Amino acid sequence: MGIKLKEENTTGGLHNTLATGTNVKGDIHTETDFRLDGKVEGDVDCNGKIVVGPKGNVTGNIVAANAEILGNVEGSIRVSSKLILKSTAVIKGDISAQSLEIEPNARFNGACNMSGEVATKETSK
């Protein structure tokens, strides 16, 4: 009898979540997508897509492949592909992305760089 092991695809459907009411002091690194509805005081490094929910709050820098911001970020945001600032987003810091979408009523105070340079940990410092 052969037993077949099922391999999980780390890029398909897996993600981490930080729930509302959860506070983290320190840096976060994740290989998969990340939904943040709590509060983080530290840098977030995400190899997938990060979504900062409407009640989410980050005081620190974000580096990700893609990002969708609905909450508050005080720090730089560097994405290698697409950054979406929803109407409830409040950003205080510089942003860098290949593609940028800003909805009406989103607030952004900082500089924007769309040079096509791929975001890395080194360019975010």
Side-chain angles (χ1 to χ4, degrees):
M1 247 186 249
I3 298 175
K4 211 173 198 182
L5 296 176
K6 183 179 177 185
E7 292 183 16
E8 286 190 22
N9 182 356
T10 59
T11 60
L14 295 179
H15 68 279
N16 292 302
T17 302
L18 186 71
T20 303
T22 304
N23 298 322
V24 173
K25 289 186 180 184
D27 297 342
I28 295 175
H29 175 78
T30 178
E31 296 291 326
T32 60
D33 294 348
F34 185 42
R35 167 90 189 194
L36 193 156
D37 290 304
K39 183 177 181 179
V40 173
E41 291 181 33
D43 296 342
V44 180
D45 181 11
C46 177
N47 288 343
K49 178 179 180 179
I50 183 168
V51 175
V52 178
K55 295 186 179 183
N57 189 317
V58 177
T59 304
N61 301 319
I62 295 174
V63 176
N66 293 292
E68 185 172 333
I69 311 297
L70 294 91
N72 299 316
V73 177
E74 191 168 334
S76 68
I77 302 173
R78 307 241 185 273
V79 295
S80 55
S81 190
K82 187 173 185 177
L83 172 61
I84 301 170
L85 303 182
K86 294 294 195 175
S87 62
T88 54
V90 178
I91 312 300
K92 296 177 184 173
D94 298 342
I95 59 176
S96 176
Q98 282 189 344
S99 175
L100 176 63
E101 180 181 317
I102 303 177
E103 288 187 353
N105 297 322
R107 290 183 279 169
F108 163 58
N109 291 303
C112 178
N113 181 346
M114 295 180 68
S115 67
E117 179 180 299
V118 176
T120 64
K121 293 177 192 173
E122 286 74 33
T123 61
S124 69
K125 292 183 179 179

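Atoms considered below: every heavy atom in the structure, side chains included; atoms not considered: hydrogens, waters and symmetry mates. Keep in mind that what you see is a predicted model, and the values were worked out from it rather than measured.
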Ignoring hydrogens, what is the shortest heavy-atom contact between [X] and [Y]? Give both atom names and the distance.
X    : Y    : result
G93  : F108 : O-CE1, 3.1 Å
L100 : C112 : CD2-SG, 3.7 Å
V44  : V40  : CG2-CG1, 4.1 Å
I102 : A106 : CG2-CB, 3.8 Å

Do V73 and V24 sit in one hydrophobic cluster, given that two such residues count as connected whenever their side-chain heavy atoms are within less than 4.5 Å of each other, even indirectly?
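V73 and V24: one cluster.
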Are V58 and L18 joined in one hydrophobic group, where the rule is that I, L, V, M, F, W and Y side chains link up if heavy atoms are under 4.5 Å apart?
yes
Reported [atom1]-to-[atom2] distance for the pair [X] and [Y], which is rounded to 0.5 angstrom:
X    : Y   : atom1 : atom2 : answer
T30  : N47 : OG1   : CG    : 7.5 Å
M114 : I95 : CE    : CD1   : 8.0 Å
D27  : D43 : CG    : CG    : 4.5 Å
I62  : I50 : CD1   : CD1   : 4.5 Å
E101 : L83 : CD    : CG    : 9.5 Å

Would you please say whether a donor-acceptor pair under 3.5 Å links the side chains of S76 and D94?
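Not at all, the side chains of S76 and D94 share no donor-acceptor pair under 3.5 Å.
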Residues in salt bridge (Lys or Arg N to Asp or Glu O under 4.0 Å) contact with E74, at least two apart in sequence or another chain
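Applying salt bridge (Lys or Arg N to Asp or Glu O under 4.0 Å) to E74 gives none.
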Side chains of I28 and N16: closer than 4.5 Å at any heavy-atom pair?
no
Examine distances only and state if a side-chain atom of [X] and a backbone atom of [Y] form a donor-acceptor pair shorter than 3.5 Å.
X    : Y   : value
T17  : A19 : no
E103 : S87 : yes
N57  : K39 : no

Under 3.5 Å, sequence neighbours excluded: what are the donor-acceptor pairs made by side chains of residues 63-72?
| residue | atom | partner | partner atom | Å |
| --- | --- | --- | --- | --- |
| N66 | OD1 | S81 | OG | 3.3 |
| N66 | OD1 | K82 | N | 3.0 |
| E68 | OE1 | K49 | NZ | 3.1 |

